[in-house]
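Read through the structure below, which is laid out as structure tokens, and then see the notes.
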2 protein chains.
Amino acid sequence: MPAKDGAVVRRTQAERSSATSSRLLATAEEMFGRDGYAATSLAAVAAAAGMTKGAAYHHFPGKAGLFREVFVRRLRRAATALERVAAHAPDSWSALREGCRTFLECCTDPGFRQIVLLDGPAVLGWDAVREIEYEHLLRVLRDGMRVAAAEGWIAGGDLDVRSQLVFGALCEAGMMLARSPDPEGAFPAVAGEAERLLGALVRG
Amino acid sequence: MPAKDGAVVRRTQAERSSATSSRLLATAEEMFGRDGYAATSLAAVAAAAGMTKGAAYHHFPGKAGLFREVFVRRLRRAATALERVAAHAPDSWSALREGCRTFLECCTDPGFRQIVLLDGPAVLGWDAVREIEYEHLLRVLRDGMRVAAAEGWIAGGDLDVRSQLVFGALCEAGMMLARSPDPEGAFPAVAGEAERLLGALVRG
DNA sequence: ACAGTTACATACCCTCGGTATGAAAGCGAG
DNA sequence: CTCGCTTTCATACCGAGGGTATGTAACTGT
């Protein structure tokens, strides 16, 4: 039976389910990112999304499970932005540089820092965090390095290890320019030093 | 009045206070490092130290305050080990290298990783963490870089920023060789790639 | 010796994560 | 259409744990 234009809109189960899941995810992303994981209660998230804890526990395995979904979502968005930038780069070396710069721009967002860099490791554990990050960001970085190495831009070596070390330095750089009283003004200096690190590291 | 050898040993307030503080700190360091901050209740720490929550709240401002003391303590120990190694190095460049290697060895300890690298940022916030780390580790690293730069070992630039980026890479390296199924065996590879990063970064 | 301070223990409150139960809204079969 | 069945929530409740208020015993200066 199609929708009636009465007071109650009749919808299918799948529509209801995905709608509430999306609202919950969006609200959780906003609150976790603003107040931090510990200071955000699940009931408050559900209430802000217009429902109760019961709905949240029906769609997600728990508070940490909801946080994990939010974490993955943020990484996925960062990865797509990063890949789009890298795809438009003229060569593999610029793709690497531009990708790193894009990651730093992601760190400009307070929610990204709070969820991905601060709370993520403590809530999900280091192994789970790096597994997810590998799936979305680290793999891209490593593959970019491999291409650049194959084309002679950078020196060989254990690129799995090296890409991860560079990733750690980038996270640190992202947090640095976030703490700065003038993030916009500090961006060029930090990004420059990060690119200098990248350049010094990889040039053979 | 000096101590009586009766059933109850008579002690001064300062002795009692420092003794209970030390026991509490040592127990908290052990339990926070083993189980993580969230999974460790303050009452459990106090009980394991032979007292109740009341004593803990008398000596420390709360759970996070106790954790902060534990955090500082671990950093202090790492810093002294690091400075001792650097002091015995033949030149400023080796001091830098040996210092970084010593930091990686600190990351071998599971408690250090859990407290300093995983829970620290989420519990204390990034600003507080980096302030403490600057006081103990980052300042040492930056000063070592300055000396090495003055002696011509490494290139100039914003050493405040660069030392922090290197620190981030070192933390990542420390977590990497911790996740490895064979940390002892992986140590040379990761440490080698880290030193390679250091060398490539700073040689000018 | 005796107030006053310090160093705890005990009892209590409140928030919050998680679970169990119940009800209402789709959904499929006859 | 209708009548079980599943899905999708809401409500009520439990227990753990951080924090606080209060009482009490141990020290301390005068």
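In what follows, chains are A, B, ... by sequence order, proteins preceding strands, each numbered from 1. Being a predicted model, the structure only gives us computed values, none of them experimental. Side chains included, hydrogens not; waters and symmetry mates left out as well; all remaining heavy atoms used.
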Margin query: Any non-hydrogen side-chain atom of B:Tyr37 less than 4.5 Å from a side-chain atom of B:Lys63?
Written below: yes

Next item on the list: Please state how far atom OH in A:Tyr57 lies from atom P in D:dA12, giving the value in whole angstrom units.
Entry: 18 Å

Note to self: Between C1' on D:dG18 and NZ on B:Lys63, what's the gap in Å once rounded to a whole number?
What the structure shows: 8 Å

Next item on the list: Report the distance from atom CE of B:Met31 to atom P of D:dG17, rounded to the nearest whole Å.
Entry: 10 Å

Item checked: From C:dG18, D:dG19, C:dT10, nucleotide with atom closest to B:Thr52 side chain -> C:dT10

Item checked: Side-chain touch B:Phe112/B:Phe103, heavy atoms, less than 4.5 angstrom -> yes

Note to self: So, does B:His59 get its side chain near the phosphate of C:dC8, meaning an N or O under 4.0 Å from OP1 or OP2?
What the structure shows: yes

Next item on the list: Return the value, rounded to whole Å, for the distance between atom CG of B:Leu66 and atom C1' of D:dG19.
Entry: 14 Å

Next item on the list: Would you indicate which nucleotide in C:dA25, C:dG17, D:dT28 comes nearest to any side-chain atom of B:Thr12?
Entry: D:dT28

Margin query: Taking salt bridge (charged side-chain N to carboxylate O under 4.0 Å, His left out) as the definition, give me every residue that meets it alongside B:Glu69, ordered by chain and number, with sequence neighbours left out.
Written below: none

Notebook entry, point to check: Does the side chain of A:His58 get closer than 4.0 angstrom to OP1 or OP2 of D:dT8 through an N or O atom?
Noted result: yes

Next item on the list: Measure from the side-chain heavy atoms of A:Ser41 and tell me the nearest of D:dG18, C:dC16, D:dC27.
Entry: C:dC16

